[in-house]
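Notes to accompany the following structure.
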Amino acid sequence: MQEKQTPAYTPADIEAAARAYWDDSQAFKAVEDASKPKYYCLSMFPYPSGKLHMGHVRNYTIGDVLTRFHRMRGYNVLQPMGWDAFGLPAENAAIKNAVPPAKWTYDNIAYMKQQLQALGFAIDWNRELATCQPSYYRWNQWLFLRMLEKGIAYKKTQTVNWDPVDQTVLANEQVIDGRGWRTGAVVEKREIPGYYLGITQYADELLDDLDTLDGWPERVRTMQANWIGKSTGVRFAFGHDVRDESGALIGDGKLWVFTTRADTIMGVTFCAVAAEHPLATHAARNNPELAAFIEKCKHGSVMEADMATMEKEGLPTGLTVVHPLTGESVPLWVGNYVLMSYGDGAVMAVPAHDERDFGFAKKYDLPIRQVIATRHHFDLLRDLAVVERDHATPAGFSFQDLLSQHGPERALTMIEDRVSDDAYAEFDYVAAKWAEYRPEDQLPLTDNEATVCINSGPYDGLAYAAAVDAVATDLASKGGEKKVQWRLRDWGVSRQRYWGCPIPIIHCDHCGDVPVPDDQLPVVLPEDCIPDGSGNPLLKRDDFINVACPKCGAAAKRETDTMDTFVDSSWYYARYCSVGNDGAMLDERANYWMQVDQYIGGIEHAILHLLYSRFWSKVMRDMGLMTVKEPFARLLTQGMVLNHAWLHKPEGGGKNYYWESDVDVQRDAKGQITGGRLKADGTVLEHELTTMSKSKNNGVDPQALIDQYGADTARFFMMFASPPEQTLEWNDAGVEGAHRFLKRVWNFAQDYNAELRARVPATSTLGSAKLPAALADLRRELHLVLKQASYDLAKQQFNTVASGCMKMLNALEKAPRDGSDAAEVIGEGLSMLLRVLSPICPHITHALWRDCGFGDDILNSDWPEAAESALVQDEVELMLQVNGKLRGSLRVAADAPKDAIEAAALANEAAQKFMEGKPAKKVVVVPGRLVNIVC
RNA sequence: GCCGGGAUGGCGGAAUCGGUAGACGCAGCGGAUUCAAAAUCCGCCGCCGCAAGGUGUGGGGGUUCGAGUCCCCCUCCCGGCACCA
């Protein structure tokens, strides 16, 4: 035998060679081909923050595994990649380092691209795009103008966070505890004009089409449906006669409100308006306290989470309004929790049945009136009322009625109870706590379907839907009407920022807001600005701002606001298909590739990005740019990769994050983190477990892993660590194990190549000849694992595919090696292992596939199929339970009838021992699984 | 606060339909090899118990012959909340 040195596993060389081969052969170039089924696999493109982190590795490995798997199954695959390149971090970096956002962004892209390439993803780089390229964003502008023409885009005022010191608009992220991140100044709300996209015009379709997205996780569809929030309610007005200085009725004497709980209208004990409401402004004229309160409401956060958690405060206006059904006088308050931008900026308050109103009423000692009860509660109250009435009637006729209706026992009890006041006390709810606003052990009063009105005059006894209808009917004569209300709001896209896509509008003193003509697109963003934190640097760029009006030619000014970066990411998936077309946003190629067959990205995008993309798709369809109505057929929401983050909020405002390497971490006896201090000066830091991100200084760069172990190890480890949808706390313990496994695969394959390969018969005999038992068992195990792995891959559970590969190798290493049968079974097993492993670890499997003579290119091999003939077995083992506890096992023929199994079970020694002589009451036989004797 | 999700050994996780809890790894322990170490290989490994056995899937209750899995209540953690992306 020839002396032969087994080649060592050297990932750096092996991986570079594999990538060179793919590059040379243009292996991942995607070409439209109508003869094959297509598979468009897309991972959410990254923001070029500087370096990849483990969340990226997870995301893109998942996409790559699916892409390669489908390619092996005969699909024409497309996996593109690009850059979500506009955004705030580039401006923050500019403020810190005085580097233009453009340069910073392009440098980051170059570095991260090289990292992605080192990971060996099967990406068609010919289709690469970056949203900050004029060739891309010109189509943002173009479609925006089309939307403007159709009335989908429009202008109105928006509320923003205003930093009074820097004189600039702040992103929510830049507001920390109500103060500006750089100045520490208390942030104000400010109303400024901005452009909106009418996503609410598509609300019905966005909601209805969720039902067609059966390839989406249920939780994402639920979140979107809740976000869209369709509810039917009633809009109506309270009357008033408040007049302004000129004597005119404010708002025509009507205070409009909207409610989804019109059934509680008789429970209204006050109304509340937003600080900006005209009635509030009017009331504050001669009321300094109220004026001060209104001023205070204008400060603070615009964020919903803050609005919901802040202390609910209010002041009476001294005004009253008139209840439209009872004519009662209702006090009018100003509340900091009422938003001018929702509905009409006013609410009716029913403290008994709305938790927020309840809290407000308790705080300010306002009356609470219960008007909803469970049906049971209502019936008892009605009975008591009948008894009371009849008791007071000398004729007393209807005790008989009670008898016939309720039987003697109940009728008597009702009479007796009536005598004692306790009978009513049972139904009085406790007004101390919201949670006690319902009788014990009964349905919550917030369950619409199970409750009825009480104390509500004509509506008593009506259930939710009937009561709402009746109230709406009664309000109709006063202008009230049933109305569908959406939680979804139109999408404000104007950003007072530099590093984004310019909004293509020119402001002319004579012609107003003039759209930039199509032939002047794109409006190119100058790339040499350096933001300094004091507002949009475009405002200082005369060369950008000053322009002739396209209509009248007079001197005019360009809009300096840029678009929300969610615009950029709302259609990139379609542009990949039509990349390079400078004459149109999309072309026919988009209709070939769309929909995206599999979209992969973080769960944090479950609502906004995905909803905006769905909306934009529908607009593109309506504009005739694309035929599909939903962009993403299947969605895999990757769980977040979490890591520890350490932060400190200095006195002057802001938030500083520190790398964990700079922190003394304190832990308790169990190793749980209890706190940490900055090594440098002992500053006490806050700890959070959160997603990896550059801004939090907690990203783990995969580069060290790649350098030390190779890309295949990094990929394998990431897939093996947990199922894709699960949140994953980062921990690199176990990387060694992944690398060890790949080394074993390498050595085993080289060993096979050297010793066994020559003995494999030219023509396969497997499947015909009967194998010796040991080999048949081995082959059965291999095929069983393969079957499981294919099943797991189909359900996108990659961690068990990885462990399946390990099981195959374990089995192969223990296999007998004598004779041609063994060589053949091992060869078949190895070829299955390499192919199953190849989507996860493409480099090592590429090399071994060729080395072992299985073929030229594993990319072009077929996905292996488990042979049913290898799986059959004559006998099966059943577990044997007595009273549900495992007491032994039973070997029976695979096709044994139930009664034979039952008899064998009862005769079993272990079973008899634990039955302790008692007769079997019941025997449960689950074929192929178990026997349970109940005695 | 609201919406969505999660919790299984020391750690990551497995368990397809309600049917042997802990597959596959990591860490640890014992052994082989080695002058020694690394690497590699073999074995053990939830907890209590000498054992028989008992017990165990965040906590409490329920349904079932049988519950990690289904139902109700609670705790903690994570994601989103419209200008981070």
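Treat the numbers as computed from the prediction; the structure is a model and nothing was measured. Letters go in sequence order (proteins before strands), and every chain restarts at 1.
Using a 4.0 Å heavy-atom criterion, one finds that A:Asn810 contacts the sugar-phosphate atoms exclusively. As judged by a 4.0 angstrom heavy-atom cut-off over every strand, A:Thr565 is placed among residues touching the sugar-phosphate backbone only. If you check every strand for non-hydrogen atoms under 4.0 Å, A:Val160 touches a base.
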Would you tabulate the pairs of protein nitrogen or oxygen atoms and nucleotide nitrogen or oxygen atoms of nucleotides 53-56 of chain B closer than 3.5 angstrom?
residue : atom : partner  : partner atom : Å
B:rG53  : OP1  : A:Lys913 : NZ           : 3.4
B:rG54  : OP1  : A:Arg887 : NH2          : 3.2
B:rG54  : OP2  : A:Arg887 : NH1          : 3.4
B:rU55  : OP2  : A:Lys885 : NZ           : 2.9

Could you list, one pair per line, each protein nitrogen or oxygen that sits under 3.5 Å from a nitrogen or oxygen of nucleotides 26-30 of chain B, together with the distance?
residue : atom : partner  : partner atom : Å
B:rC26  : OP1  : A:Arg740 : NE           : 3.2
B:rC26  : OP1  : A:Arg740 : NH2          : 2.5
B:rA27  : OP2  : A:Arg740 : NH2          : 3.3

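A donor-acceptor contact under 3.5 Å is not formed by the side chain of A:Asn226 with the base of B:rC3.
Against the 90° criterion about 0, the sugar-base torsion of B:rC65 places it in the anti range. With a glycosidic angle further than 90° from 0, B:rG10 counts as anti.
Ranked by how close their nearest RNA chain B nucleotide is to the 5' end, A:Glu729 and A:Lys807 are led by A:Glu729. Mapping A:Phe45 and A:Leu728 onto RNA chain B via the closest heavy atom, the residue that lands nearer the 5' end is A:Leu728.
Stem regions for RNA chain B, each three or more consecutive Watson-Crick or G-U pairs with both distances under 3.5 Å and listed by first number, read B:1-7 with B:75-81, B:10-12 with B:24-26, B:28-32 with B:40-44, B:46-48 with B:53-55, B:58-62 with B:70-74.
Taking only side-chain nitrogens and oxygens, A:Gln726 comes nearer than 4.0 Å to OP1 or OP2 of B:rG13. OP1 or OP2 of B:rU20 has at least one side-chain nitrogen or oxygen of A:Arg929 nearer than 4.0 Å. Dashed line: the shortest gap from a side-chain N or O of A:Asn799 to OP1 or OP2 of B:rG25 is not under 4.0 Å. Note on A:Ser803: every side-chain N or O is 4.0 Å or more away from OP1 and OP2 of B:rA14.
Taking the six-membered ring where the residue is Trp, the centroids of A:Phe45 and A:Trp83 are separated by 6.0 Å or more. The aromatic ring centres of A:Tyr337 and A:Phe360 sit less than 6.0 Å apart. Ring centers of A:Phe86 and A:Tyr137: under 6.0 Å apart, within the cut-off.
Seen from the ring of A:Tyr9, A:Lys743 does not count as a face-on cation partner, given the 6.0 Å and 45° thresholds.
Atom NZ in A:Lys898 sits about 13 Å away from atom C1' in B:rG19, given to the nearest Å.
Side chain of A:Glu729 to backbone of A:Leu642: no donor-acceptor contact under 3.5 angstrom is found. When atom types are taken as modelled, the side chain of A:Asn336 and the backbone of A:Glu313 share a donor-acceptor pair closer than 3.5 angstrom. A:Asn140 places no side-chain N or O within 3.5 Å of a backbone atom of A:Cys501 that could act as its donor or acceptor partner.
With sequence neighbours excluded, the residues satisfying salt bridge (charged side-chain N to carboxylate O under 4.0 Å, His left out) with A:Arg221 are A:Glu218. Partners of A:Ser231 under the side-chain hydrogen bond (donor to acceptor under 3.5 Å, both in side chains) rule, at least two apart in sequence or in another chain, do not exist in this structure.
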Report task. Any chance you could lay out the side-chain contact (heavy atoms from CB on, under 4.5 Å) test for A:Arg182 and A:Ile95, step after step, and finish with the verdict? Result -> CA-CA 11 Å; A:Arg182 296 177 68 236; A:Ile95 293 169; 4.0 Å; yes
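In this structure, of B:rA15, B:rC65, B:rG12, it is B:rC65 that holds the atom nearest to the side chain of A:Val934.
A side-chain N or O of A:Glu736 and one of A:Tyr709 form a donor-acceptor pair less than 3.5 Å apart. Residues A:Trp571 and A:Tyr136 bring a donor and an acceptor atom of their side chains to less than 3.5 Å of each other.
The separation of B:rA15 from B:rG68, taken at their P atoms, amounts to 15 Å, rounded to a whole angstrom. As rounded to the nearest Å, B:rG53 and B:rC72 have P atoms that lie 38 Å from one another.
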Requested in this report: Spell out protein contact along nucleotides 76-82 of chain B as letters: B when the base is contacted, S when just the sugar-phosphate is, - when no protein heavy atom is under 4.0 Å; keep the 5' to 3' order.
Outcome: --SBSBB
